[in-house]
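Hydrogens, waters and symmetry mates are skipped; everything else that's a heavy atom, side chains included, is used.
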Amino acid sequence: AAPAPTTAAPKAVPRGAAVPGRIIVACGFDQGSYTVTLNSTDPLATFAPKSFLVNFGRIVGSGAFAVTFSTVGVQSVSTTITSNMGSPAVRGHFTSPANEFNVVNP
């Protein structure tokens, strides 16, 4: 089951500070190889790392990442999922109980 959406206010984070996150694969990736790429509404945001490889339902590596926002205001994080090596289209999708951040000046 997908996480329940939250109605809480976006978490306040300082502009330029690395915010830790984690990709968790719960379902839908079991039929092949996929690349999950992180994106943000902040066009100047940086991710370390920006993408993850998922092979037959398992993330290669820890799934941990950090995002650093550069633009003040409410920003969100999303993903793009790409099939690799002829794998069928993924049945899964990105969900997060808290993917919005209120970026403020330090």
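Heavy-atom neighbours of K11 NZ from other residues, nucleotides or ligands within 6.0 Å: at or below the threshold of 12.
In terms of heavy-atom proximity, P49 sits nearest to A64 at CD-O, 3.6 Å. Among all heavy-atom pairs drawn from P10 and N102, the shortest one is CB-N, 3.8 Å. For the residue pair V67 and A45, the shortest heavy atom distance occurs at CG2-CB, 4.3 Å. The two residues T71 and P43 make their nearest non-hydrogen contact at OG1-CD, 4.4 Å. Scanning all heavy atoms of the two residues, the minimum distance from V103 to V72 falls at O-CG1, 3.2 Å. Residues V60 and N55 share a closest heavy-atom pair of CG2-ND2, 3.6 Å.
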### Derivation and outcome, side-chain contact (heavy atoms from CB on, under 4.5 Å), residues V19 and T68
CA-CA 6 Å; V19 179; T68 303; over 6 Å; no
#### Entry: Pair T37-K50, side-chain contact (heavy atoms from CB on, under 4.5 Å): steps then yes or no
CA-CA 6 Å; T37 304; K50 182 160 176 69; 4.0 Å; yes
### Task
Dump the intermediate steps for side-chain contact (heavy atoms from CB on, under 4.5 Å) on D42 and S70, then the final yes or no.
CA-CA 7 Å; D42 178 352; S70 294; 4.0 Å; yes
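In this structure, a donor-acceptor pair under 3.5 Å is present between the side chains of T80 and N39. Of the N and O atoms on the side chains of Q75 and S40, not one donor lies less than 3.5 Å from an acceptor on the other residue.
The shortest side-chain heavy-atom distance between P88 and Y34 falls under the 4.5 Å cut-off. Under the 4.5 Å side-chain criterion, counting only non-hydrogen atoms from C-beta, P106 is in contact with R15.
To the nearest 0.5 angstrom, S87 atom OG is 11.5 Å from F29 atom CZ. The structure places CG of L38 at 11.5 Å from OG1 of T46, a figure rounded to the nearest 0.5 Å. Atom CZ of R58 and atom CG of L53 lie 13.5 Å apart (nearest 0.5 Å). Residue N99 holds its CG atom at 10.0 Å from OG1 of T79, rounded to the nearest 0.5 Å.
Residues F69 and F101 bring their aromatic ring centres within 6.0 Å.
Applying the side-chain hydrogen bond (donor to acceptor under 3.5 Å, both in side chains) rule to S76 yields no partners; only residues at least two apart in sequence or on another chain are considered.
Aromatic ring pairs are classed by plane angle as parallel below 30°, tilted from 30° to 60° and perpendicular above 60°; the pair F47 and F65 is tilted.
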